[in-house]
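We count ligands from 1, going down the list as the structure has it; atoms in each ligand are counted the same way. The structure displayed is predicted, hence computed values, not measured ones. Just the heavy atoms: all of them, side chains too, but no hydrogens, waters or symmetry mates, feed the values below.
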Amino acid sequence: MGNTEKENMLRNIPSVDSILQWPELQKHIETLQQSYITRIIRDKIEEFRNRIIAGEHFDLDFLKNSILCEFKDLVRPYFRRAVNALGIVLHTGLGRAPYSLGVAEAVRDASIGYSQLQIDEQGRRSDRYKKISRILTIITGAEGAVIVNNNAGATLLILSELAQGKEVIVSRSQLIEIGGAFRIPEIMEQSGAVLREVGTTNRTHLRNYEDAINENTGALLRVHQSNYKIIGFTKEVPLDELVALGRKHTLPVIDDLGSGALIDFSKYGLPNEPTVQESIKTGADIACFSGDKLIGGPQCGIIIGKKRYIDRIKKNPLTRALRCDKMTNEALEITLQLFLHKEEILLKNHGVMKLLLRPIDDIKRHAGKCARMLKKDFSEKLEISLQKDVSQIGGGSLSTEELPTFVIAVKPKNGSLAELARALRTVDVPVYGRVAEEAILLDFRTVLNGEEQFIVQAFKEILS
Ligand SMILES: *Cc1c(COP(=O)(O)O)cnc(C)c1O
């Protein structure tokens, strides 16, 4: 593009005043603050000036559309409901766990007005951890519990309270990184504890821990290898041996369980995941895990363990800094109450368990129904077929296992696959599918009942 052409394009960018006259903007002009409207338009103009200077070429319709979209996006919720057709049951990008039956209603009620978050029947300020702690101690056998913002916060808090300025011994095989910059060495540093690595990547022996213990040791830490596996010539020290070693040297043993299985998954043909109850029974002094992985609740970090440690943790100022609000407390309470019930009741009502245990025939029937709906409306524009595939559990839970599933493979007869996939993510109820080489794969393990309507609607919005 020549310089004069650029200058012409720059000159053709409409002024703020003329944009303010666009009829499509009038509904925003009536409701939004004038100064913010001007700011939004100015930012857009600036963006387009820079794009022209950088050599981009576009027409005025494109610019207009972009400005109108900016207004639309600003006033519509981004964190709105979306369809997870990725087949990853616990997807951090899609908000991890779909809540269980009754949770959304309870959260709505607790948030629309006031809640009894931290008050007792005498009207006095009370312990906000009391109720959840009561349920957790019954379910897990621990002496006490406290919850914080997430499991990363839980780890930080525990290390800070129990081991600040002291060494914490961890096996080299457990120095994990979980997505989003949660890395054990960095959390350790933030907490003020000193990382003392022992063993090798594949093999760590009890004597390695024992040899590292000195007068400045603060704790022994075990971290669950959530999102990876070391296979082959490996050795890890089982928790009971770490507990015995901790007792011998009066050192607390901390168990970061990550996904926090409250039931035995192997009973249902799912991969074995260490349970919270086992950890407590084996004698871990403190265990921590996420509320929004296998528990299927809201984002939070759950800390359970010996009363004397929980009491200390509750008094730590970080607990106040990381505390959860009424919505999180209510969502977690209702989710945990499900675990008080008989397992058949739990399985019927638990959002995550239902997806993990979804029978393959049910997935096939659901995907088949949606495929027929799509074929009826869009067979001129799309190639649609039902295929067998595999889903992942995700969220660093049940490690790297895969589950059988059915997908609808959608291929546009014209136009690009990537563009169609992108368009599906921008409609009113966005649909996230796997973009494979040949087609977009909509994995029905994680598509909830009724959501096939949103998928059909999404294609309608895009193709018509
Ligand atoms: C997922 C995970 C974390 C981080 O938990 P968040 O709730 O995402 O903060 C920490 N440790 C382990 C072992 C995990 O699996």
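- For the salt bridge (Lys or Arg N to Asp or Glu O under 4.0 Å) criterion with E161, the lone passing option out of R308, R312, K166 is R312.
- Interface of I176 with ligand 1, defined as ligand atoms under 4.0 Å from a residue heavy atom, comprises 13 (C).
- Here Y309 pairs with nothing under the ring-ring contact (aromatic ring centres under 6.0 Å, His included) rule; sequence neighbours left out.
- Between K293 and ligand 1 there is a heavy-atom distance shorter than 4.0 Å.
- Close approach of ligand 1 to S290 is summarised as follows: ligand atoms under 4.0 Å from at least one heavy atom of the residue are 5 (O), 6 (P), 7 (O).
- A salt bridge (Lys or Arg N to Asp or Glu O under 4.0 Å) check over residues 201-228, counting only residues at least two apart or in different chains, returns the pairs E210-K248, R222-D255.
- Heavy-atom proximity to R96, at under 4.0 Å, picks out these atoms of ligand 1: 6 (P), 7 (O), 8 (O).
- Checked by distance only, ligand 1 and A152 come closer than 3.5 Å through their nitrogen or oxygen atoms.
- At a threshold of 4.5 Å between non-hydrogen side-chain atoms, the residues Y268 and I263 count as touching.
- When I187, N151, I178, T92 are checked for heavy-atom proximity to atom 5 (O) of ligand 1, N151 turns out nearest.
- Some N or O of D256 is nearer than 3.5 Å to an N or O of ligand 1, by distance alone.
- At a threshold of 4.0 Å, the pair K44-E47 counts as salt-bridged, since one of the basic side-chain nitrogens sits closer than that to a carboxylate oxygen.
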Open item on the list: Evaluate F454 against D428 for side chain to side chain contact (heavy atoms under 4.5 Å, CB included), listing each step before the verdict.
Closed with: CA-CA 9 Å; F454 295 132; D428 273 343; over 6 Å; no
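- In summary, the atoms of ligand 1 found under 4.0 Å from a heavy atom of H224, numbered by their order in the structure, are 13 (C).
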